[in-house]
Amino acid sequence: MSKFDRLSVYAVLLASGLALFACRGRQTKDKYTDTATSGFISISADESFRRIVQQEIDVFESIYTMAGIDPIYASEVDAINLLLKDSVRLTVSTRRLTDAEKAGLEEKKFFPKEFKVASDAIALIVNRQNPDSIISLKDLSRILTGEVTEWSELYPGSKLGKLQLVFDNPNSSTVRYAIDSICRGRPLAGSLHAQKSNAEVIDFVAQSPSAIGVIGVSWVGSESDSTNLSFSDRVTVMAVSREEKATEQNSYKPFQAYMALGDYPLMRDVYVILTDPRSGLASGFSTFLASDRGQRIILRAGLMPATQNVRIVNVRDNL
């Protein structure tokens with residue numbers, strides 16, 4: 001082999017080595033190059049908030065074109081588990097971390113931050129053929145625990161027969177809310193129906209005259225009504241009363257005004273949980289959620305923003 005040939009071989013090997021080194025360097029570095037407004041990350045969110053979170057992502061990415069956010073929508077249990085396993089560093093949930101969960105993260109040198117971004121309402125929906133659209137918390141608890149199984153036990157003369165109780169997922173935040181806040185720790189009836197998503201709950205109720213569904217209020221807003229003063233015409237949203245006997249005068253639907261005034265009883269908070277140690281894209285997106293623009297998206301979705309005032313409009317609601 002001539003000297004020229006040997007130099008050519010050495011040059012090729014050197015170039016290959018430098019290319020491999022550069023490639024490896026980029027692979028190692030790119031994993032951690034996201035900034036508050038650029039890069040690519042995955043986040044997790046309670047499926048109840050799919051519509052809202054997706055709207056927030058779409059607007060955020062339209063503003064910061066070098067940013068990419070891949071959302072994983074799951075049950076509340078699974079969404080938080082992804083955070084605990086460090087598969088994501090931001091999750092949207094209706095509960096805070098437990099002391100044990102915080103301790104586990106801190107052992108891994110993650111120090112979680114939690115802040116409220118909204119207040120949500122649990123909506124009760126029934127089929128359009130159901131003439132009964134008001135219910136008391138006491139009767140709702142009786143349904144959830146299986147004490148009441150027939151519509152006629154609540155509304156004498158009802159012809160709907162056996163009541164079908166429908167949730168989105170056995171591990172969802174709505175199931176946890178029902179157990180903790182409505183049933184006061186008592187187990188739910190074993191006959192409940194579990195779908196895979198809030199959208200499927202609406203489909204089931206829309207096709208089943210004897211069903212009652214439990215879902216997040218953002219799923220039943222009328223997309224054509226920017227004032228949030230009406231609900232989807234596919235189902236009927238029930239009015240709920242704190243009084244022992246529900247009447248039209250003491251029962252309220254989950255309109256934003258009734259949520260703001262505290263009249264609607266089925267309310268819960270929505271939190272962002274963050275474990276981003278570098279102030280990267282997860283931190284940037286969480287800041288956007290709490291910003292004026294992010295909060296206005298929450299307001300338009302029918303929820304109560306945590307940091308923005310709500311203008312209350314006086315309307316008459318025909319139950």
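Keep in mind the model is a prediction, meaning the values are calculated, not measured.
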Practice task
Run the numbers on L266 and L137 for side-chain contact (heavy atoms from CB on, under 4.5 Å), then give the verdict.
Solution key: CA-CA 9 Å; L266 303 179; L137 283 178; 3.4 Å; yes
Practice task
State, yes or no, whether a side-chain contact exists between V88 and L82 at a heavy-atom distance under 4.5 Å.
Solution key: yes
Practice task
Could you tell me the separation between the CG atom of D70 and the CZ atom of F40, rounded to the nearest 0.5 Å?
Solution key: 4.5 Å
Practice task
Treating Ile, Leu, Val, Met, Phe, Trp and Tyr as nodes and any side-chain heavy-atom pair under 4.5 angstrom as an edge, say whether V201 and L188 lie in one connected cluster.
Solution key: yes
Problem - Side chains of S241 and N250, donor plus acceptor under 3.5 Å - result: yes
Problem - Main-chain N/O of H193 paired to Q164 side chain as donor or acceptor, under 3.5 Å - result: no
Handout entry: Side-chain heavy atoms of L163 within contact of I212, under 4.5 Å
Key = yes
Practice task
Examine the side chains of T174 and D168 and answer whether a donor and an acceptor come within less than 3.5 Å of each other.
Solution key: yes
Problem - Approximate separation, where rounding is to 0.5 Å, of K138 NZ and E244 CD - result: 3.5 Å
Handout entry: Distance in Å, S286 OG paired with F115 CZ, rounded so as to fall on 0.5 Å steps
Key = 4.0 Å
Practice task
Would you kindly confirm whether Y264 and I215 end up in one hydrophobic cluster when ILVMFWY residues are joined by side chain heavy atoms under 4.5 Å apart?
Solution key: yes
Practice task
Kindly assign one of parallel, tilted or perpendicular to the pair F255 and F231, based on the angle between their ring planes and the thresholds 30° and 60°.
Solution key: parallel
Handout entry: Closest approach of T94 to E76 (non-hydrogen atoms, all atoms of both residues)
Key = OG1-OE2, 2.5 Å
Handout entry: Donor-acceptor under 3.5 Å (R268 side chain, S119 main chain)
Key = no
Handout entry: Donor-acceptor pair, side chain of D276 and main chain of S283, under 3.5 angstrom
Key = yes
Problem - Inter-residue atom distance D46.CG - T91.OG1, 0.5 Å rounding - result: 8.0 Å
Practice task
Would you please test D292 and T307 for side-chain contact (heavy atoms from CB on, under 4.5 Å) and show each step?
Solution key: CA-CA 8 Å; D292 178 71; T307 63; over 6 Å; no
Practice task
Considering only NZ, NE, NH1 and NH2 on the basic side and carboxylate oxygens on the acidic side, decide whether E150 and K162 come within less than 4.0 Å.
Solution key: no
Exercise for the section: Determine whether K116 and V272 make a side-chain contact, defined as any pair of heavy atoms from C-beta on separated by less than 4.5 Å. Expected result: no
Exercise for the section: Verify side-chain contact (heavy atoms from CB on, under 4.5 Å) between S251 and V240, making sure each step is shown before the conclusion. Expected result: CA-CA 5 Å; S251 303; V240 185; over 6 Å; no
Handout entry: Short side-chain to backbone donor-acceptor contact, Q295 and L289, under 3.5 Å
Key = yes
Practice task
Kindly work out whether a path of hydrophobic side-chain contacts (I/L/V/M/F/W/Y, heavy atoms less than 4.5 Å apart) joins I80 to Y73.
Solution key: no
Practice task
Keeping the roles fixed (side chain from Y271, backbone from A118), state whether a donor-acceptor pair exists under 3.5 Å.
Solution key: no
Practice task
Quick one: do R242 and S136 satisfy side chain to side chain donor-acceptor pair (under 3.5 Å)? Show the steps, please.
Solution key: CA-CA 6 Å; R242 288 190 173 89; S136 69; over 6 Å; no
Practice task
Give a yes or no on whether L144 and Y155 share a hydrophobic cluster (residues Ile, Leu, Val, Met, Phe, Trp, Tyr; joining criterion: side-chain heavy atoms under 4.5 Å apart).
Solution key: yes
Problem - 4.5 Å side-chain heavy-atom contact, T236 and N130 - result: no
Exercise for the section: Check the pair E56 / R293 against salt bridge (charged side-chain N to carboxylate O under 4.0 Å, His left out), numbers first and verdict last. Expected result: CA-CA 9 Å; E56 297 277 8; R293 191 159 186 176; over 6 Å; no
Handout entry: Note, N127 side chain near V235 side chain (heavy atom, < 4.5 Å)
Key = no
Problem - Side chain D78, main chain A74, donor-acceptor under 3.5 Å - result: no
Handout entry: Within one Ile-Leu-Val-Met-Phe-Trp-Tyr cluster: V77 and I72, side-chain cutoff 4.5 Å
Key = no
Problem - pair I179-V175: side-chain heavy atoms closer than 4.5 Å - result: yes
Exercise for the section: Write down the atom of I63, the atom of F288, and the distance for their closest heavy-atom approach. Expected result: CD1-CE1, 4.0 Å
Completion exercise
Heavy-atom nearest pair, P112 first then K102, reads CG-CG, 4.2 Å
Completion exercise
Taking every heavy atom of A121 against every heavy atom of M267, the minimum-distance pair comes out as CB-SD, 3.9 Å
Exercise for the section: Test side-chain contact (heavy atoms from CB on, under 4.5 Å) on F167 and L165 and set out the steps. Expected result: CA-CA 7 Å; F167 281 90; L165 179 63; 3.9 Å; yes
Problem - Heavy atoms from other residues, nucleotides or ligands near NZ of K108 exceed 12 (cutoff 6.0 Å) - result: yes
Exercise for the section: Please report the closest heavy-atom contact between L274 and L90, naming both atoms and the distance. Expected result: CD1-CD1, 3.9 Å
Handout entry: Between OG1 on residue T149 and CZ on residue R142, distance to nearest 0.5 Å
Key = 10.5 Å
Problem - Any donor-acceptor N/O pair, S75 side chain to S172 backbone, under 3.5 Å - result: no
Practice task
Check whether any side-chain heavy atom of L97 sits under 4.5 Å from a side-chain heavy atom of E114, and report yes or no.
Solution key: yes
Handout entry: Check: K159 main-chain N/O paired with W151 side-chain donor or acceptor under 3.5 Å
Key = no
Exercise for the section: Using modelled atom types only, decide if a donor and an acceptor are shared between the side chain of D34 and the backbone of L281 within a distance under 3.5 Å. Expected result: yes
Practice task
Answer yes or no: does atom OH of Y64 have more than 12 heavy-atom neighbours from other residues, nucleotides or ligands under 6.0 Å?
Solution key: no
Practice task
Verify the distance criterion only: is there a donor paired with an acceptor across the side chains of D203 and Q207 at less than 3.5 Å?
Solution key: no
Completion exercise
dist L303:CG -> D120:CG (nearest 0.5 Å) comes out at 4.5 Å
Practice task
Specify the closest pair of heavy atoms between P254 and A123, including all atoms of both residues, with the distance to one decimal.
Solution key: CG-CB, 4.3 Å
Handout entry: Aromatic ring proximity Y252/Y258, centre distance under 6.0 Å
Key = yes
Exercise for the section: Please determine, by modelled atom types, if R50 and S197 share a side-chain donor-acceptor pair under 3.5 angstrom. Expected result: no
Practice task
Look at R95 together with E101 and state whether they make a salt bridge at an N to O cut-off of under 4.0 Å.
Solution key: yes
Problem - Polar side-chain atom of Q55 near backbone of I297 as donor-acceptor pair, under 3.5 Å - result: no
Handout entry: Close side-chain approach of T145 to C183, heavy-atom, < 4.5 Å
Key = yes
Problem - From CA spacing to verdict: side chain to side chain donor-acceptor pair (under 3.5 Å), N198, E47 - result: CA-CA 8 Å; N198 284 265; E47 197 272 336; 2.7 Å; yes
